[in-house]
Amino acid sequence: AYTFNSLISGLCKAGDFEIAMELFEEMKKKGCPPDEFTYNILIDQFCISGKLGRALGLLKDMESNGCARSVVTYNTLIDGLCKSMRVEEAEEIFDQMELHGVSRNLVTYNTLIDGLCKSKRVDEATELMNKMILEGLKPDKLTYNSLLTYYCKEGNIKKAAEIVQTMTTNGCEADMVTYGTLISGLCKAGRTQVACKLLRSIQMKGMVPSPKAYNPVIQALFKQRKAKEAVRLFREMVEKGESPD
RNA sequence: UCCUUAUCGCUAG
């Protein structure tokens, strides 16, 4: 099955889904039954292509083929449902895990928290974060970033700053993803100057801002008709050894 | 051999 799984996964990534499915059928016929990994790969593919019904169908299949669902299986489905804007169903799957005796892990929580944030249900996302802490799981960068992204998109800089505060006090270092999110939030809120200052302070810390941290600022400067400043910033970025993207 | 987070752009609406 190992060989088949590698092939199927590779084919899916290359977009050759048809061939992957043929191999899947072949496995069953050739006495090499698909295992948990095979199913997870295919479920993920169906989710990515928006065929949730088929993904759920495979989930049923697993059971009848004596294949145990793992936490990854559930995580994949939860993510797929969230990305298709079917968060309610994702929540159902989340609840089902308990009944099936599969324990949720950090990824499970992060996935659903992100889904809730993207559906603008930030209060519930925050509740869920508290719940995970009660269950002994530690929120990580990804957890905080989902919330941070929500507040930044909303232009709620105050809340965003609070999140950064919380994450650092909980031992999560702000990284370039964090800064990139914050900077774009600041630009969106029209606080371009503050965003520039943040760029500076990142450099003071000895970090090199990524192009993704520069981009929103450059963009915002153009919108404010400050093309010269934008170009200056661009030059600076190149000098510091970053390749523009 | 399998799952989750940020910016911009592109495409569609």
Side-chain angles (χ1 to χ4, degrees), chain A residues 1-13 20 23-24 27 32 34-48 50 55 58-59 62 67-83 87 90 93-94 97 102 104-118 125 128-129 132 137 139-153 160 163-164 167 172 174-188 195 198-199 209-223 230 234 237 242 244-245:
Chain A
Y2 185 104
T3 320
F4 273 110
N5 288 344
S6 308
L7 266 171
I8 291 177
S9 168
L11 285 166
C12 286
K13 288 200 178 97
L23 279 179
F24 177 62
M27 285 177 87
C32 180
D35 63 8
E36 175 207 326
F37 290 99
T38 324
Y39 278 104
N40 287 340
I41 295 165
L42 291 172
I43 288 176
D44 188 38
Q45 264 317 297
F46 278 127
C47 286
I48 289 172
L58 278 181
L59 185 71
M62 281 180 91
C67 226
R69 305 168 180 184
S70 71
V71 62
V72 175
T73 318
Y74 284 103
N75 290 345
T76 307
L77 272 167
I78 291 174
D79 184 49
L81 287 164
C82 286
K83 296 241 153 73
V87 189
I93 300 274
F94 184 87
M97 291 178 75
V102 177
R104 301 165 188 144
N105 63 15
L106 181 61
V107 175
T108 318
Y109 276 98
N110 283 347
T111 308
L112 189 54
I113 287 174
D114 187 59
L116 287 167
C117 287
K118 296 233 153 74
L128 202 55
M129 183 171 78
M132 75 189 271
L137 292 168
D140 68 357
K141 288 195 259 200
L142 281 69
T143 324
Y144 291 114
N145 257 312
S146 293
L147 291 162
L148 186 62
T149 303
Y150 169 83
Y151 288 121
C152 283
K153 289 221 159 99
I163 298 285
V164 177
M167 77 183 267
C172 246
D175 65 1
M176 277 322 301
V177 178
T178 315
Y179 288 124
T181 312
L182 255 182
I183 287 174
S184 87
L186 285 165
C187 291
K188 200 180 190 85
L198 187 54
L199 270 182
S210 65
K212 288 184 191 334
Y214 276 102
N215 286 342
V217 185
I218 292 176
Q219 183 104 350
L221 285 170
F222 269 114
K223 283 201 185 121
F234 174 75
M237 171 176 136
E242 284 299 300
D245 66 359

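Just so it is clear: chains get the letters A, B, ... in the order the sequence lines come, proteins before strands, and each one is counted from 1.
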Who passes side-chain contact (heavy atoms from CB on, under 4.5 Å) against A/Ala230, sequence neighbours left out? A/Ile218, A/Leu221, A/Phe222

Among all residues two or more places apart in sequence or in another chain, which pass the side-chain contact (heavy atoms from CB on, under 4.5 Å) test with A/Phe46? A/Phe17, A/Met21, A/Lys51, A/Arg54, A/Ala55, A/Leu58

Between C1' on B/C3 and CG on A/Asn40, what's the gap in Å once rounded to a whole number? 7 Å

Nearest whole angstrom, please: distance from the P of B/C3 to the CG of A/Leu112. 19 Å

Qualifying residues under side-chain contact (heavy atoms from CB on, under 4.5 Å), relative to A/Leu142, sequence neighbours excluded: A/Asn110, A/Asp140

Tell me the interatomic distance from A/Phe24, atom CZ, to B/C2, atom P, rounded to whole angstroms. 18 Å

Could you tell me how far apart A/Leu81 (CG) and B/C3 (P) are, to the nearest whole angstrom? 17 Å

Report the distance from atom OH of A/Tyr39 to atom P of B/U1, rounded to the nearest whole Å. 22 Å

Within this structure, what is the CG-to-P distance between A/Leu7 and B/U1, rounded to whole angstrom? 14 Å

Report yes if the distance between the aromatic ring centroids of A/Tyr74 and A/Phe94 is under 6.0 Å, otherwise no. no

With sequence neighbours left out, what residues match A/Arg69 under salt bridge (charged side-chain N to carboxylate O under 4.0 Å, His left out)? A/Glu63

Which whole-number value in Å describes the distance from A/Leu23 CG to B/C2 P? 17 Å

For A/Lys212, check side-chain contact (heavy atoms from CB on, under 4.5 Å) against everything at least two apart and list the hits. A/Ser210, A/Asp245

For A/Gln45 and B/U1, what is the distance between atoms CD and C1' respectively, to the nearest whole Å? 14 Å

Using a 4.0 Å heavy-atom cut-off to protein, can you give one letter per nucleotide of nucleotides 5-13 of chain B, 5' to 3': B if the base is in contact, S if only the sugar-phosphate is, - if neither? BBBSS----

